[in-house]
Amino acid sequence: VRSIAELAQEGEGVFWLEDGQAHPDFANHPRMTGPQRIRFVAAAPIRLANGESMGVICVGGPDVRARDEMLCGRLQDLAAMAACALLRQLEHRKALAAEAKAQAANALSEALVEAAPLAICMTDRKMRMLRVSPRWLTERGLPGDMDVAGVSLYDLVPYTRTFSASYERCLKGDVVQNNRVALTLADGSQKWVRAEVTPWRRPNGRIGGLLIITVDITSIMQAHEQTKHSEERLKIATRAAEFRVFELDHRRKIVTNQDEMNDPLSNSPVLALGYEALSQDMWQLVHPDDRERVRREWDAAMAEGRTFQ
């Protein structure tokens with residue numbers, strides 16, 4: 001047997017039971033037969049605007065009572081008031097849940113920015129700072145704990161104005177990458193970074209600003225420059241000493257010669273022999289009178305793990 005609440009929620013209006021004790025489905029109900037001796041019952045469903053039923057408001061009494069439309073109207077008004085109160089409570093709970101979710105997401109993004117092994121800067125569409133990692137600040141010669149929220153990127157780091165055209169492109173949806181960017185700091189020193197600038201988007205899909213990520217490659221660039229200078233000095237030394245310097249590249253299967261690189265018309269015996277011949281027997285470059293002695297010295301150096309000279 002279905003309950004009074006179920007019957008009320010299934011109907012469109014107010015469920016009215018004139019005499020429950022005379023009704024075959026409810027005559028033995030505890031409220032009808034117990035101390036309360038309920039006879040009449042009226043119940044109105046509590047429905048939200050979308051039609052979802054959230055419960056019922058029910059009244060009853062010990063006397064048989066014929067259906068009263070005025071009482072039905074008041075009961076429906078009371079159910080409507082309950083639905084409005086319930087809807088406000090549900091909306092409030094949703095708002096609290098959304099706020100908690102946003103705070104959690106904000107805390108997570110902040111933690112990621114703080115801990116990321118990258119220099120990260122997040123701006124709005126007007127290039128005002130929203131979030132920045134300590135690494136990003138220190139790489140630009142600024143205190144890592146500096147509060148820069150709301151400060152213009154161009155005011156904080158003036159030389160970034162030179163990249164304004166790229167930033168404008170990204171604010172229109174482009175992504176800009178550069179493997180080598182020179183940064184001149186306030187003290188005049190220079191750093192090199194690999195950079196990527198990409199737009200970030202709001203939940204509605206609109207661009208909210210820029211995400212600027214950089215990786216410091218200054219040490220790599222310095223090592224590259226040192227290697228380049230070392231190569232230049234080696235070239236000068238070999239020319240002065242009239243040495244022959246060549247390189248066998250087993251991966252590309254080519255042979256290169258300093259003389260040939262500096263003078264394409266140079267008639268180098270190394271290049272004349274070619275990679276295949278040299279890879280099979282490089283000793284043919286040594287004078288026949290010295291070949292056996294040089295080979296023995298080479299084998300000894302290799303066996304002892306030292307540089308051959």
Side-chain angles (χ1 to χ4, degrees), residues 115-120 133-136 138-141 144 159 162-163 166 175-185 187-198 212-309:
L118 303 169
I120 301 176
S133 67
R135 187 185 294 261
W136 191 93
T138 56
E139 283 187 1
R140 284 144 186 85
Y159 66 77
T162 59
F163 310 132
S166 296
V175 175
V176 173
Q177 297 176 327
N178 197 321
N179 289 328
R180 189 173 61 180
V181 180
L183 305 181
T184 303
L185 306 186
D187 60 2
S189 62
Q190 189 178 65
K191 282 196 173 184
W192 292 90
V193 299
R194 183 169 63 250
E196 178 172 332
V197 184
T198 184
I212 304 171
I213 302 175
T214 61
V215 178
D216 189 349
I217 59 171
T218 303
S219 59
I220 297 175
M221 294 300 298
Q222 289 174 344
H224 176 74
E225 288 298 316
Q226 291 175 356
T227 301
K228 184 177 179 181
H229 292 159
S230 297
E231 290 177 351
E232 291 295 331
R233 288 194 294 269
L234 178 61
K235 289 178 183 178
I236 294 172
T238 54
R239 292 193 199 112
E242 297 184 352
F243 288 155
R244 292 285 187 178
V245 179
F246 64 92
E247 178 182 352
L248 252 64
D249 188 332
H250 294 293
R251 187 167 52 185
R252 294 187 295 167
K253 298 186 182 302
I254 62 172
V255 57
T256 57
N257 180 273
Q258 294 290 347
D259 293 334
E260 181 70 14
M261 292 171 64
N262 294 317
D263 181 6
L265 300 179
S266 173
N267 185 18
S268 170
V270 176
L271 294 181
L273 288 171
Y275 171 81
E276 293 298 333
L278 286 174
S279 62
Q280 295 176 12
D281 182 13
M282 67 177 181
W283 303 112
Q284 56 189 303
L285 295 174
V286 181
H287 193 280
D289 294 342
D290 300 323
R291 194 168 295 168
E292 288 302 320
R293 176 181 59 81
V294 173
R295 187 191 294 269
R296 287 195 302 272
E297 293 179 0
W298 168 272
D299 291 340
M302 294 300 102
E304 296 171 9
R306 55 180 174 83
T307 302
F308 171 75
Q309 297 179 339

Minimum heavy-atom distance [X]-[Y], with the two atoms named:
| X | Y | result |
| --- | --- | --- |
| T214 | E139 | OG1-OE1, 3.6 Å |
| S166 | V176 | O-CG2, 4.2 Å |
| T218 | W192 | OG1-N, 3.0 Å |
| I217 | R180 | CD1-CA, 4.4 Å |

### Query
Is the number of heavy atoms from other residues, nucleotides or ligands within 6.0 Å of CZ (R295) greater than 12?
yes
### Message
If you count every heavy atom of other residues, nucleotides or ligands that lies below 6.0 Å from R252 atom CZ, does the total exceed 12?
### Response
no
What's the separation between atom [atom1] in [X] and atom [atom2] in [Y], rounded to the nearest 0.5 Å?
| X | Y | atom1 | atom2 | value |
| --- | --- | --- | --- | --- |
| D299 | E304 | CG | CD | 11.0 Å |
| Q177 | I213 | CD | CD1 | 10.0 Å |
| L183 | R140 | CG | CZ | 5.5 Å |

### Task
With sequence neighbours excluded, tell me which residues meet salt bridge (charged side-chain N to carboxylate O under 4.0 Å, His left out) with D290.
R293
### Task
Would you sort out whether V197 and F163 count as a side chain to side chain contact (heavy atoms under 4.5 Å, CB included), showing the intermediate values?
CA-CA 10 Å; V197 184; F163 310 132; over 6 Å; no
